[in-house]
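These numbers come from a predicted model, not from an experiment. Residue numbering restarts at 1 for every chain, and letters A, B, ... go by the order of the sequence lines.
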2 protein chains.
Amino acid sequence: MVKRTSFEHDPCPVARALDAFGDGWSLLIIREALLGVRRFSEFQARLGMAKNILASRLRALVEHGILEIVPASDGSAYHAYRLTPKGRGAFPILVALRQWSEEFDAHPDEIATVLVDRDGGRPVRKLELHAEDGRLLAPGDTTLQPRSVRKTKKTGARLSSH
Amino acid sequence: MVKRTSFEHDPCPVARALDAFGDGWSLLIIREALLGVRRFSEFQARLGMAKNILASRLRALVEHGILEIVPASDGSAYHAYRLTPKGRGAFPILVALRQWSEEFDAHPDEIATVLVDRDGGRPVRKLELHAEDGRLLAPGDTTLQPRSVRKTKKTGARLSSH
DNA sequence: CTCTCTAGTTGCATGATGAAACTAATTGCG
DNA sequence: CGCAATTAGTTTCATCATGCAACTAGAGAG
């Protein structure tokens with residue numbers, strides 16, 4: 001096999017997600033779709049990407065159930081690409097990427113936009129990870145456990161140890 | 001230019017982040033690093049990737065300031081790759097990817113691990129996005145605003161409209 | 001009916017990826 | 001010490017993906 005390795009049946013959920021949009025363009029297409037873009041030509045114009053690549057990415061995203069093809073809302077005979085719930089579910093991934101850049105980029109002054117609370121216009125907080133009981137968790141407070149094991153005596157590998 | 005387009009100077013922070021790990025392997029390397037992996041051979045064995053690709057990814061991650069080369073902790077003459085704070089900051093991205101798979105994957109039974117609260121062993125909650133005043137925000141409650149504009153009368157483009 | 005726009009496809013050059021073989025320095029071991 | 005095995009890569013080569021430009025079929029506009 002010389003093909004780009006597929007993570008479709010990898011046991012790690014991170015790898016499985018990367019199988020859907022682990023390339024440079026898919027998440028940007030989803031970003032535009034979240035902003036309301038639905039037509040081929042508009043994706044192409046806004047992202048400035050080659051049309052053949054766009055066509056193949058759109059096809060892949062439809063196959064993955066992230067986009068769906070619907071008749072154009074303006075009544076024309078053309079169709080449009082609309083996000084499915086699965087596609088809209090990628091929103092936190094985009095926020096996480098955005099916040100990582102905002103925090104660590106070498107030239108944050110080059111970043112053009114801020115994600116704000118629509119009602120009030122103030123920047124949002126950083127994404128938070130909470131325990132079931134509501135405590136705020138840092139990376140080191142979490143552990144990976146085998147799925148089948150429901151409740152054992154904390155034998156998982158520690159994250160970001162040392 | 002026929003090279004893979006670089007987003008290094010793109011105004012969108014999502015694109016800038018993808019410039020660092022918008023390929024299939026980088027985030028998996030960071031995942032392993034978060035689990036404590038530091039040596040070339042261990043990355044190679046656990047990820048099962050070609051050694052030349054691993055070498056080039058590690059080089060790129062070091063250049064991006066996500067990993068740093070340090071003397072091996074066991075006193076040997078070899079060196080190790082350690083996450084920088086910038087690299088550890090990618091943790092929420094990995095969590096977002098994981099939770100997206102957990103929620104939308106077609107075969108969730110194939111997912112091997114669960115992210116749990118280390119102290120208690122219960123699965124963590126979903127990542128939450130809050131407004132500055134603490135309100136929980138859904139995707140549609142947010143807007144993108146030009147960075148320079150601090151406080152105007154809500155003219156940003158709505159996210160996930162329609 | 002013609003002209004333009006939309007949404008692609010096709011062809012070609014080049015870069016990235018993957019498998020396997022090779023190398024050089026470093027350990028481990030008897 | 002001497003030699004085999006490990007570690008951390010590099011090199012080579014085949015194949016795949018990406019990018020650009022040119023082309024095309026169908027729809028809409030006038």
| request: Check the distance between D:dA8's P and B:R46's CZ and give it to me in whole angstrom. | output: 15 Å

| query | Between A:D23 and B:R39, which has a closest nucleotide on DNA chain D that is more 5'? | reply | B:R39

| Within the structure, does a side-chain N or O atom of A:T5 lie under 4.0 Å from either OP1 or OP2 of C:dT17? | no

| Contact class for A:S56 (heavy atom, under 4.0 Å): base, sugar-phosphate, or nothing? | nothing

| said: Parallel, tilted or perpendicular: which one describes the rings of A:H107 and B:H9, with boundaries at 30° and 60°? | reply: tilted

| Expected output: side-chain B:T84 to main-chain B:G65 donor-acceptor under 3.5 Å | yes

| Cluster question for you: counting only ILVMFWY and a side-chain heavy-atom cut-off of under 4.5 Å, with indirect links fine, are B:Y81 and A:F104 together? | yes

| remark: Rounded to whole Å, CZ of B:F43 lies from C1' of D:dT7 at a distance of 14 Å

| Are side-chain heavy atoms of B:E42 and B:R46 found at a separation under 4.5 Å? | yes

| task | Output yes when at least one side-chain N/O atom of B:R38 is less than 4.0 Å from OP1 or OP2 of D:dA8, else no. | result | no

| Hey, does the side-chain of A:Y78 have a donor or acceptor N/O within less than 3.5 Å of a partner on the base of D:dG28? | no

| Looking across every strand, which nucleic acid part, if any, lies under 4.0 Å from A:Y81 by heavy atom: base, sugar-phosphate, or nothing? | sugar-phosphate

| query | Between A:A77 and B:N52, which is nearer to the 5' end of DNA chain D once each is assigned its nearest nucleotide? | reply | B:N52

| How long is the line joining CD1 of A:I53 and P of C:dT10, in whole Å? | 14 Å

| said: For D:dT18 and A:W25 - does any side-chain N or O of the residue sit under 4.0 Å from the phosphate oxygens OP1/OP2? | reply: no

| task | Ignoring backbone atoms, test whether B:S41 places a side-chain nitrogen or oxygen under 4.0 Å from the OP1 or OP2 oxygen of D:dT6. | result | no

| Does B:H79 place a side-chain N or O at less than 4.0 Å from the phosphate oxygens OP1/OP2 of D:dG9? | yes

| Length of the CG-P vector between B:L47 and D:dA8, whole Å | 14 Å

| message | Could you check whether any side-chain N or O of B:Q99 sits under 3.5 Å from a backbone N or O of B:R125, counting only pairs where one atom can act as donor and the other as acceptor? | response | yes

| query | To the nearest Å, how far apart are B:K51 NZ and C:dT17 P? | reply | 18 Å

| query | In whole angstroms, how far is the P atom of D:dC16 from the CZ atom of A:R57? | reply | 15 Å

| message | How many whole angstroms separate atom CD of A:Q44 from atom P of C:dA7? | response | 10 Å

| said: Under 4.0 Å from OP1 or OP2 of C:dG8: is there any side-chain N or O of A:R59 that close? | reply: no

| Can you find a side chain N or O atom of A:S76 that sits less than 4.0 Å from OP1 or OP2 on D:dA27? | no

| Taking atom C1' of D:dA8 as reference, at what distance in whole Å does atom CG of B:L54 sit? | 10 Å

